[in-house]
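Data block below; observations after.
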Amino acid sequence: MAPVREVTYGLLGRTLGHSWSPKIHAALGSAPYQLIELEPDEVTPYIRSGNWKGLNITIPYKRVAAEAADVRSPRVEALGVANALVHLDDGRIFADNTDVLGFSALLEYFCRERLETTPRAMFAGKKALVLGTGGAAQAVSYALREMVGCEVAFISRSGASTYENLLELHADAALIVNTTPVGMYPNCPASPLKDGVLEQLPQLQGVLDVIYNPTRTGLCQQAERVGIPAESGLAMLVWQAVYASELFQGKDLDGSLAARIIADITLETGNVVLIGMPGAGKTSSGRALARMTRRPFIDLDDAFSVETGIDPATFIKTYGEDAFREQETAILKGYASRAGLVIACGGGVVTRPENYAPLHQNGTIVMIDRNLSELSSKNRPISQTRGILKLAEERMALYRDWADVVLPCTGSPAGDAELIRRSLGL
């Protein structure tokens, strides 16, 4: 992307890729809003001479932004990093750190909705572990210390507290906050913590991840598996934008805007993942749903054929089911990390536990429950070899365990699609 020299509002960084910021700021009224990619030697000159009203700053330029400003908020003075700049009426540049406020809003929401309390009531005087030591980590730690009263320990790959000695030094942690990029799209659903760590923290009450893509990060899914409340960073992203937009526009905004934007993005980015027995109608109803909702449709069996050059039935007959499942998982991970899709899975996707996390990270998993007597085994080698009743015996409990929603087959693809649409509020 060529550097944009004249903007009203924008996001400045080195490599931005896809960002929800233009959509969010359009809804907030701080538009037009552009993405501005600059090299390190271009940043300070642009900030000092650029024809802009307000800028958000992302990695790796938050420290440079603080240094380039004429006036700094107490938060910026304390942290040395800024993520929001605004031109004042007298021409000076004011720097603030709305990440602090955005994280505080995320923590307030998390405690209210998931823990039915307030941050201070739950975490004051307790230990919080902040994974990472960068600009986001500093903002999070400031909020935890100054606004909540937490004892904060930073966890990094080197230094006094590391991922290796975390359990030895910090078994009393009540809260974990990830501020590293580990687990961010497209490298998801990875986690900065090894499996089994969370189970060994007996006082742990919650897990937060400032990453917002995917919706459910690897760390959040680890917490979910052991019954620890968790939340990823979409609310932080939106709320820090609200505070930045108020700064840009010089006025207070309606607080309900944030909730509406979060709901809109969640609805737009969420995948609909269809599972169920072979022949249950996942492909036909998925296509109908995609047309209704104007979403891209992915049939994983078709994707398998395109990517391997062999259709699943032929592949299974030639190389066996185990080899097919390995390839299916690899292909599934690529599509499941994307957003806003309707995905129809093969009937056996639930036989590999490792498929759940990728599908769950951005998706609502819907089981289409069709009467077994209506299922056909035509062109389905596994159904023909094992029999529909045997497959149902092996898989039905898995379908129900994986599904967020179980819907009965209505008898037509259009009927199934409409039932799914209404059930998910699409």
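- Q203 meets the side chain to side chain donor-acceptor pair (under 3.5 Å) test with no other residue; sequence neighbours excluded.
- For E246, the salt bridge (Lys or Arg N to Asp or Glu O under 4.0 Å) criterion is met by no residue, not counting sequence neighbours.
- In terms of heavy-atom proximity, Y33 sits nearest to L11 at OH-CB, 3.4 Å.
- Of the possible donor and acceptor atoms, one in the side chain of Y399 sits under 3.5 Å from a partner among the backbone N and O of G347.
- Every residue two or more places apart in sequence or in another chain was checked for a salt bridge (Lys or Arg N to Asp or Glu O under 4.0 Å) with D404, and none qualifies.
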**Message:** Pair F248, N56 - check side-chain contact (heavy atoms from CB on, under 4.5 Å), show working.
**Reply:** CA-CA 10 Å; F248 296 163; N56 288 122; 3.9 Å; yes
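- The two residues L332 and P358 come nearest to each other via the heavy atoms CD2-CB, 3.8 Å.
- Judged purely by atom type and a 3.5 angstrom limit, R370 uses its side chain to pair as donor or acceptor with the backbone of G279.
- Using modelled atom types, no side-chain atom of N362 and backbone atom of N213 make a donor-acceptor pair closer than 3.5 Å.
- Summarising the geometry, atom CD belonging to E199 is positioned 8.0 Å from atom CD belonging to Q222; distances are rounded to the nearest 0.5 Å.
- No side-chain donor from either of R48 and T44 sits under 3.5 Å from a side-chain acceptor of the other.
- Side-chain atoms of N165 come within 3.5 Å of backbone atoms of T162 as a donor-acceptor pair (strictly under, hydrogens ignored).
- Legend: residues meeting ring-ring contact (aromatic ring centres under 6.0 Å, His included) with Y319, ordered by chain and number and at least two apart, are F315.
- Counting only residues at least two apart or on different chains, the side-chain hydrogen bond (donor to acceptor under 3.5 Å, both in side chains) pairs with a member in residues 120-131 are K127-H170, K127-D172.
- With hydrogens and angles disregarded, no donor-acceptor distance shorter than 3.5 Å links the side chain of E224 to the backbone of A230.
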**Request:** List the steps and the verdict of side-chain contact (heavy atoms from CB on, under 4.5 Å) for Q327 and F304.
**Result:** CA-CA 8 Å; Q327 289 285 335; F304 185 97; 3.3 Å; yes
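- At a threshold of 4.0 Å, the pair R225-D195 counts as salt-bridged, since one of the basic side-chain nitrogens sits closer than that to a carboxylate oxygen.
- A side-chain donor-acceptor contact under 3.5 Å links K282 to the backbone of M277.
- Between V177 and F103 there is a side-chain heavy-atom pair separated by less than 4.5 Å.
- By the neighbour-count criterion of 12 heavy atoms within 6.0 Å, atom CG of L253 is densely surrounded, having more than that number from other residues, nucleotides or ligands.
- In terms of the salt bridge (Lys or Arg N to Asp or Glu O under 4.0 Å) criterion, residue partners of D90 (sequence neighbours excluded) are, by chain and number, R92.
- For the pair F123/L107, a side-chain contact is recorded, criterion being any heavy-atom separation below 4.5 Å from C-beta on.
- No side-chain heavy atom of E113 sits under 4.5 Å from any side-chain heavy atom of P229.
- Within a 6.0 Å radius of OH in Y356, other residues, nucleotides and ligands contribute more than 12 heavy atoms.
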**Request:** Go through R14 and E39 one step at a time and tell me if the salt bridge (Lys or Arg N to Asp or Glu O under 4.0 Å) criterion holds.
**Result:** CA-CA 6 Å; R14 189 169 192 180; E39 291 301 309; 2.7 Å; yes
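- Between L101 and V242, every side-chain heavy-atom pair lies at or beyond the 4.5 Å cut-off.
- Using a 4.5 Å heavy-atom cutoff, the side chains of I228 and L201 are not in contact.
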Kindly list each side-chain donor-acceptor pair under 3.5 angstrom involving residues 77-89, sequence neighbours excluded, with atom names and distances?
{"from": "N83", "atom 1": "OD1", "to": "T98", "atom 2": "N", "distance (Å)": "2.7"}
{"from": "N83", "atom 1": "OD1", "to": "T98", "atom 2": "OG1", "distance (Å)": "3.4"}
{"from": "N83", "atom 1": "ND2", "to": "T98", "atom 2": "OG1", "distance (Å)": "3.1"}
{"from": "N83", "atom 1": "ND2", "to": "D99", "atom 2": "OD1", "distance (Å)": "3.2"}
{"from": "N83", "atom 1": "ND2", "to": "Q240", "atom 2": "OE1", "distance (Å)": "3.3"}
{"from": "H87", "atom 1": "ND1", "to": "W52", "atom 2": "O", "distance (Å)": "2.5"}

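- Not a single donor-acceptor pair under 3.5 Å links the side chain of Q221 to the backbone N or O of P189.
- The side-chain heavy atoms of Y335 and L300, taken from C-beta on, include a pair separated by under 4.5 Å.
- By the 4.5 Å heavy-atom criterion applied to side chains, L131 and Y163 are counted as neighbours.
- For A27, the side chain to side chain contact (heavy atoms under 4.5 Å, CB included) criterion is met by I261, not counting sequence neighbours.
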**Request:** Output, in order, the C-alpha distance, side-chain angles, deciding distance and verdict of side-chain contact (heavy atoms from CB on, under 4.5 Å) for V272 and T364.
**Result:** CA-CA 5 Å; V272 180; T364 299; 5.7 Å; no
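- The side-chain hydrogen bond (donor to acceptor under 3.5 Å, both in side chains) pairs that include a residue from residues 135-146 number zero, where partners must be two or more places apart or lie in different chains.
- R352 pairs by the salt bridge (Lys or Arg N to Asp or Glu O under 4.0 Å) definition with E326, E354, not counting sequence neighbours.
- Looking only at side-chain heavy atoms (C-beta outward), L193 and I176 come within less than 4.5 Å of each other.
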**Request:** Take W20 and L234, measure what side-chain contact (heavy atoms from CB on, under 4.5 Å) needs, and give me the verdict at the end.
**Result:** CA-CA 10 Å; W20 286 107; L234 180 58; 5.7 Å; no
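- Counted within 6.0 Å of CG on D254, heavy atoms from surrounding residues, nucleotides or ligands total more than 12; the atom is thus considered enclosed.
- Put simply, the side chain of R216 gets close to the backbone of G363: a donor and an acceptor are under 3.5 Å apart.
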**Message:** Between R325 and E321, does the salt bridge (Lys or Arg N to Asp or Glu O under 4.0 Å) criterion hold? Intermediate values first, please.
**Reply:** CA-CA 6 Å; R325 296 296 173 207; E321 184 179 356; 3.2 Å; yes
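- When all heavy atoms of G340 and N271 are compared, the closest pair comes out as N-OD1, 3.0 Å.
- Q249 places a side-chain N or O within 3.5 Å of a backbone atom of L28 that can act as its donor or acceptor partner.
- Scanning both residues, V76 and A95, for their nearest heavy atoms gives CG2-O, 3.6 Å.
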Return a table of donor-acceptor pairs under 3.5 angstrom between the side chains of residues 416-426 and protein atoms on other chains or two or more places apart.
{"from": "D416", "atom 1": "OD1", "to": "T410", "atom 2": "N", "distance (Å)": "2.6"}
{"from": "D416", "atom 1": "OD1", "to": "T410", "atom 2": "OG1", "distance (Å)": "2.8"}
{"from": "E418", "atom 1": "OE1", "to": "R421", "atom 2": "NE", "distance (Å)": "3.1"}
{"from": "E418", "atom 1": "OE2", "to": "R421", "atom 2": "NH2", "distance (Å)": "2.7"}
{"from": "E418", "atom 1": "OE2", "to": "R422", "atom 2": "NE", "distance (Å)": "3.4"}
{"from": "R421", "atom 1": "NH1", "to": "L426", "atom 2": "O", "distance (Å)": "3.1"}
{"from": "S423", "atom 1": "OG", "to": "L419", "atom 2": "O", "distance (Å)": "2.7"}

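- Counting only residues at least two apart or in different chains, salt bridge (charged side-chain N to carboxylate O under 4.0 Å, His left out) contacts with residues 333-344 are absent.
- With hydrogens and angles disregarded, a donor-acceptor distance shorter than 3.5 Å links the side chain of S104 to the backbone of V100.
- Side-chain N/O atoms of D209 and S232 include no donor and acceptor closer than 3.5 Å.
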